[in-house]
Amino acid sequence: MITSTSSSQVKYVVNLQKKSKLRKEEKQFVVEGIKMVSEAPTDRLVKVYISETFKADNEEFLERMNYDALGKDVLEVVTDNVFMRMADTQTPQGIMAVVKMSDTDLKGILSDKRSPLLLLIENLQDPGNLGTIVRMAEGAGVTGIIMSSNTVDIYNPKTIRSTMGSLYRVPVIYVDDICEVADVCKSKGVTVYAAHLNGTDNYNKKDYTKPTAFMIGNEGNGLTDKLADKADEYVRIPMQGKVESLNAAVACTILTYEAVRQRL
């Protein structure tokens, strides 16, 4: 049992929670709560931490999860005060885990046997927005989310919570040059659409039954001209009143679910 906040394990978890650079270097991240821990792929679990109180109150859950069978001392008990130091949430449930990032790459995403339905995300900055998009993407059957390097860290604790576990099941990658990725997608027969103020046709007038990618830009500035120029077509979401644009996650959902509707 870990009883001190000065433990190297405790310090590592705290730093993983706070530092995006460390997460990228170690290719690991932290999840909190029963749902996020129990849904984590067992082959990607590095360590599971539980508080003393959680252990006492959740014997059936722990027996069902059988973490001891994973070996290598995967399960670690810590005192309640130490767990509070490790947690990012204000009212932690008493269980968290260190998880390996997936090893998905662009080649893997584009080789999916399903008809491509991709999201190309550029410079999105709000963790909650990105988490909502990932959760929506699972429900819509999105085959991959490709993000520019300046997009908010998807392994940010707030983003992770917003995904509600979908992060484990939706292929996600960061790329250095998202414009180049748009070109690669087009070379593979994927039609790339941008929701844009200069769009002439409403989004629901296009055929998304074929391989499709939607480009989603920054909350305040939208897509950069450089990426928008890579689109095969601009489409628009019609607006009433004085509203010029929608929240990025909302716009992304409208576009993606129109593709789902057409493909059903």
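- Within the model, atoms CG of Leu130 and CD1 of Ile145 stand 7.0 Å from one another, a figure rounded to the nearest 0.5 Å.
- Aromatic rings from Tyr208 and Tyr193 are positioned such that their centres are separated by under 6.0 Å.
- Looking at heavy atoms from C-beta onward, Met36 lies in side-chain contact with Tyr168 at the 4.5 angstrom threshold.
- No side-chain heavy atom of Met101 sits less than 4.5 Å from a side-chain heavy atom of Glu26.
- Thr256 contributes a side-chain N or O that, together with a main-chain N or O of Cys252, makes up a donor-acceptor pair within less than 3.5 Å.
- More than 12 heavy atoms of other shown residues, nucleotides or ligands fall within 6.0 angstrom of atom CG in Asp43.
- Residues meeting the side chain to side chain donor-acceptor pair (under 3.5 Å) test with Thr159, sequence neighbours left out: none.
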Identify all side-chain donor-acceptor contacts of residues 7-18 below 3.5 Å with residues at least two apart in sequence or on another chain.
unit_1	atom_1	unit_2	atom_2	d
Ser7	OG	Gln9	N	3.2
Gln9	OE1	Tyr49	OH	2.7
Tyr12	OH	Gln28	OE1	2.7
Asn15	ND2	Lys11	O	3.2
Gln17	NE2	Glu32	OE2	2.9
Gln17	NE2	Met86	O	3.3

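- Every residue two or more places apart in sequence or in another chain that forms a salt bridge (Lys or Arg N to Asp or Glu O under 4.0 Å) with Asp201 is listed here: Lys206.
- Applying the side chain to side chain donor-acceptor pair (under 3.5 Å) criterion to Asn81, with sequence neighbours excluded, gives Thr79.
- Judged as a salt bridge (Lys or Arg N to Asp or Glu O under 4.0 Å), and not counting sequence neighbours, the contacts of Asp112 are Arg114.
- Asn58 places no side-chain N or O within donor-acceptor distance of the main-chain N or O of Phe61, the cut-off being under 3.5 Å.
- A salt bridge (Lys or Arg N to Asp or Glu O under 4.0 Å) check over residues 77-96, counting only residues at least two apart or in different chains, returns the pairs Asp88-Arg161.
- Judged by distance alone, with hydrogens and angles left aside, the side-chain atoms of Ser148 form a donor-acceptor pair with the main-chain N or O of Asn123 at under 3.5 Å.
- Every residue two or more places apart in sequence or in another chain was checked for a side chain to side chain donor-acceptor pair (under 3.5 Å) with Arg135, and none qualifies.
- In the hydrophobic clustering of this structure, Val170 does not group with Ile109; members are Ile, Leu, Val, Met, Phe, Trp, Tyr whose side-chain heavy atoms approach within less than 4.5 Å, directly or through other members.
- Side-chain contact annotation: Ser166 with Thr163, donor-acceptor N/O pair under 3.5 Å absent.
- Between Ile254 and Tyr203 the shortest side-chain heavy-atom distance falls below 4.5 Å.
- Counting heavy atoms of neighbouring residues, nucleotides and ligands inside a 6.0 Å radius, atom CD of Glu60 does not exceed 12 of them.
- To the nearest 0.5 Å, atoms CG (Asn247) and CD (Glu219) are separated by 7.5 Å.
- Among residue pairs with one or both ends in residues 64-101, none qualify as ring-ring contact (aromatic ring centres under 6.0 Å, His included); sequence neighbours excluded.
- When atom types are taken as modelled, the side chain of Lys210 and the backbone of Pro116 share no donor-acceptor pair closer than 3.5 angstrom.
- Annotation: salt bridge (Lys or Arg N to Asp or Glu O under 4.0 Å) contacts of Arg236 (sequence neighbours excluded): none.
- Residues that satisfy the salt bridge (Lys or Arg N to Asp or Glu O under 4.0 Å) test with Lys35, not counting sequence neighbours, are Glu39.
- Counting heavy atoms from C-beta outward, Ile178 and Ile121 have side chains that stay 4.5 Å or more apart.
- In terms of modelled atom types and a separation under 3.5 Å, the side chain of Asn202 and the main chain of Asn204 share no donor-acceptor contact.
- A donor-acceptor contact closer than 3.5 angstrom is absent between the side chains of Glu233 and Thr191.
- Residues Ala259 and Phe214 share a closest heavy-atom pair of CB-CE1, 4.2 Å.
- Legend: salt bridge (Lys or Arg N to Asp or Glu O under 4.0 Å) pairs involving residues 251-264, not counting sequence neighbours, sorted by first then second residue: Glu258-Arg261.
- In terms of modelled atom types and a separation under 3.5 Å, the side chain of Arg169 and the main chain of Gly165 share a donor-acceptor contact.
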Please walk me through it: do Glu122 and Thr224 pass side-chain hydrogen bond (donor to acceptor under 3.5 Å, both in side chains)?
CA-CA 8 Å; Glu122 183 189 38; Thr224 61; 2.6 Å; yes
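- With sequence neighbours excluded, the residues that form a side chain to side chain donor-acceptor pair (under 3.5 Å) with Ser6 are Ser4.
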